[in-house]
Amino acid sequence: MTVPRDQLEPLHPDAFGWALCCCGWDREEAEDVLQISYLKILDGRARFDGRSALRTWLFGVIRRTASEERRRRWFRGRKALAAARSDAPPVATPEQLATVSAEHRALRTALLGLPRRQRELLHLVFYQELTVADAARVLGLAVGSARTHYHRGKVNLRSRLGGL
């Protein structure tokens, strides 16, 4: 079933947020993944069959596309990507530094320190407001496994944040 464009457009902000999460918060990569995902939908390579909510299905398409792109880059051996993902923090403008609070930086650092599955589940549940069951469908996990990752992620995050 082809998804009408007017149904996809309201989901774009959430879809971009999920693409960012799937791409390690690399904005350029997330934009590419989201564009490729939309192309898959528009040309019929990704078909919505109605077995889940449209939003859940879209997040699954984005996750699989991000995974495919990650594999493609790895096989091509692009050394430029490895250099771009160095541990050096990106240089922020004074305006950005002024608007980002210490708590926000601490939360982001704590989230990035979590294992990928836990980070993805927490993102889907807290930022995208999916249920754990819907998040499990997006990630291709059994619901019980997703609940375990979700619980461990919360415990891990709490211990990393300490007294905040």
Side-chain angles (χ1 to χ4, degrees), residues 1-4 7-75 81-82 85 87 101 103-164:
M1 172 169 128
T2 305
V3 179
Q7 288 182 357
L8 283 176
E9 284 180 15
L11 299 174
H12 179 72
D14 290 340
F16 183 65
W18 176 236
L20 277 170
C21 182
C22 290
C23 296
W25 301 97
D26 181 333
R27 185 179 182 88
E28 187 174 314
E29 185 180 342
E31 289 171 349
D32 289 343
V33 163
L34 194 56
Q35 182 177 11
I36 293 166
S37 298
Y38 286 152
L39 285 172
K40 284 180 178 180
I41 293 166
L42 293 175
D43 70 12
R45 286 182 287 155
R47 301 182 69 68
F48 178 62
D49 59 10
R51 289 188 300 181
S52 62
L54 176 63
R55 186 170 185 236
T56 303
W57 171 81
L58 176 60
F59 285 2
V61 170
I62 293 167
R63 178 180 166 271
R64 281 186 298 281
T65 301
S67 178
E68 291 165 2
E69 289 302 304
R70 196 169 30 254
R71 252 184 259 115
R72 186 172 289 129
R73 276 191 318 278
W74 185 81
F75 281 119
L81 180 64
R85 289 191 172 235
D87 292 337
S101 68
E103 292 85 11
H104 182 253
R105 285 191 304 272
L107 177 60
R108 186 173 177 140
T109 301
L111 281 170
L112 289 173
L114 293 176
R116 184 177 57 91
R117 271 294 141 88
Q118 293 175 10
R119 184 176 59 245
E120 289 176 347
L121 263 161
L122 291 175
H123 178 89
L124 287 171
V125 171
F126 290 112
Y127 291 106
Q128 302 300 336
E129 299 177 356
L130 291 181
T131 64
V132 174
D134 283 343
R137 278 190 216 101
V138 168
L139 297 172
L141 297 172
V143 176
S145 178
R147 286 190 180 118
T148 300
H149 286 297
Y150 176 68
H151 173 72
R152 288 179 183 165
K154 289 189 307 183
V155 169
N156 236 343
L157 190 60
R158 187 177 300 124
S159 69
R160 288 176 183 276
L161 290 174
L164 292 180

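Taking 4.0 Å as the cut-off between side-chain N and carboxylate O, Glu31 and Arg27 count as a salt-bridged pair. Taking 4.0 Å as the cut-off between side-chain N and carboxylate O, Lys40 and Glu68 count as a salt-bridged pair. Note on Glu120 versus Arg116: salt bridge recorded, some NZ/NE/NH1/NH2 to OD/OE distance being below 4.0 Å.
In this structure, the separation between CH2 on Trp57 and CZ on Arg51 is 12.0 Å, given to the nearest 0.5 Å. Rounding to the nearest 0.5 angstrom, the gap separating the OG1 atom in Thr148 from the NE2 atom in His151 is 8.5 Å. Taken from CZ in Arg55 to CG in Leu130, the straight-line distance is 5.0 Å, to the nearest 0.5 Å. With values rounded to the nearest 0.5 angstrom, Asp14 atom CG is found 9.5 Å from Leu58 atom CG. The NZ atom of Lys154 lies 12.5 Å from the CG atom of Asn156; values are rounded to the nearest 0.5 Å. Atom OG of Ser37 sits about 12.0 Å away from atom CZ of Phe16, to the nearest 0.5 Å.
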Q: Check the pair Leu124 / Val132 against side-chain contact (heavy atoms from CB on, under 4.5 Å), numbers first and verdict last.
A: CA-CA 8 Å; Leu124 287 171; Val132 174; over 6 Å; no

Q: Could you check Glu28 against Asp26 for side-chain contact (heavy atoms from CB on, under 4.5 Å), going step by step and ending with a plain yes or no?
A: CA-CA 6 Å; Glu28 187 174 314; Asp26 181 333; 3.7 Å; yes

(Q) The test is side-chain contact (heavy atoms from CB on, under 4.5 Å); show your working for Arg63 and Trp18 and say whether it passes. (A) CA-CA 8 Å; Arg63 178 180 166 271; Trp18 176 236; 4.0 Å; yes

Q: Please lay out, stage by stage, how Leu157 and Leu107 fare under the test side-chain contact (heavy atoms from CB on, under 4.5 Å).
A: CA-CA 8 Å; Leu157 190 60; Leu107 177 60; 4.2 Å; yes

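In this structure, Ser145 contributes its side chain and Leu141 its backbone to no donor-acceptor pair below 3.5 Å. Of the possible donor and acceptor atoms, none in the side chain of Arg117 sits under 3.5 Å from a partner among the backbone N and O of Tyr150. Within the 3.5 Å criterion, the main-chain N or O of Leu111 finds no donor-acceptor partner in the side chain of Arg160. Proximity of a side-chain donor or acceptor of Thr65 to a complementary backbone N or O of Val61 within less than 3.5 Å is detected.
Within a 6.0 Å sphere centred on OH of Tyr127, other residues, nucleotides and ligands contribute 12 heavy atoms or fewer.
The heavy-atom pair separating Glu9 from Pro13 by the smallest distance is O-CD, 4.1 Å. The minimum heavy-atom distance linking Leu161 with Ala110 is given by the pair CD2-CB, 3.7 Å. Contact detail for Ala142 and Ala136: the closest heavy-atom pair is O-CB, 4.2 Å. The shortest heavy-atom contact between Val125 and Ala135 is CG2-CB, 4.3 Å. Arg119 and Cys21 make their closest contact through O-SG, 4.4 Å (heavy atoms, listed as atom of the first residue, atom of the second, distance). In terms of heavy-atom proximity, Leu34 sits nearest to Ala15 at CD1-CB, 3.9 Å.
Under 3.5 Å, the side chains of Ser67 and Arg71 contain a donor-acceptor pair of N or O atoms.
The aromatic rings of Trp25 and His123 stand perpendicular to each other, their planes meeting at an angle above 60°, with 30° marking the opposite boundary.
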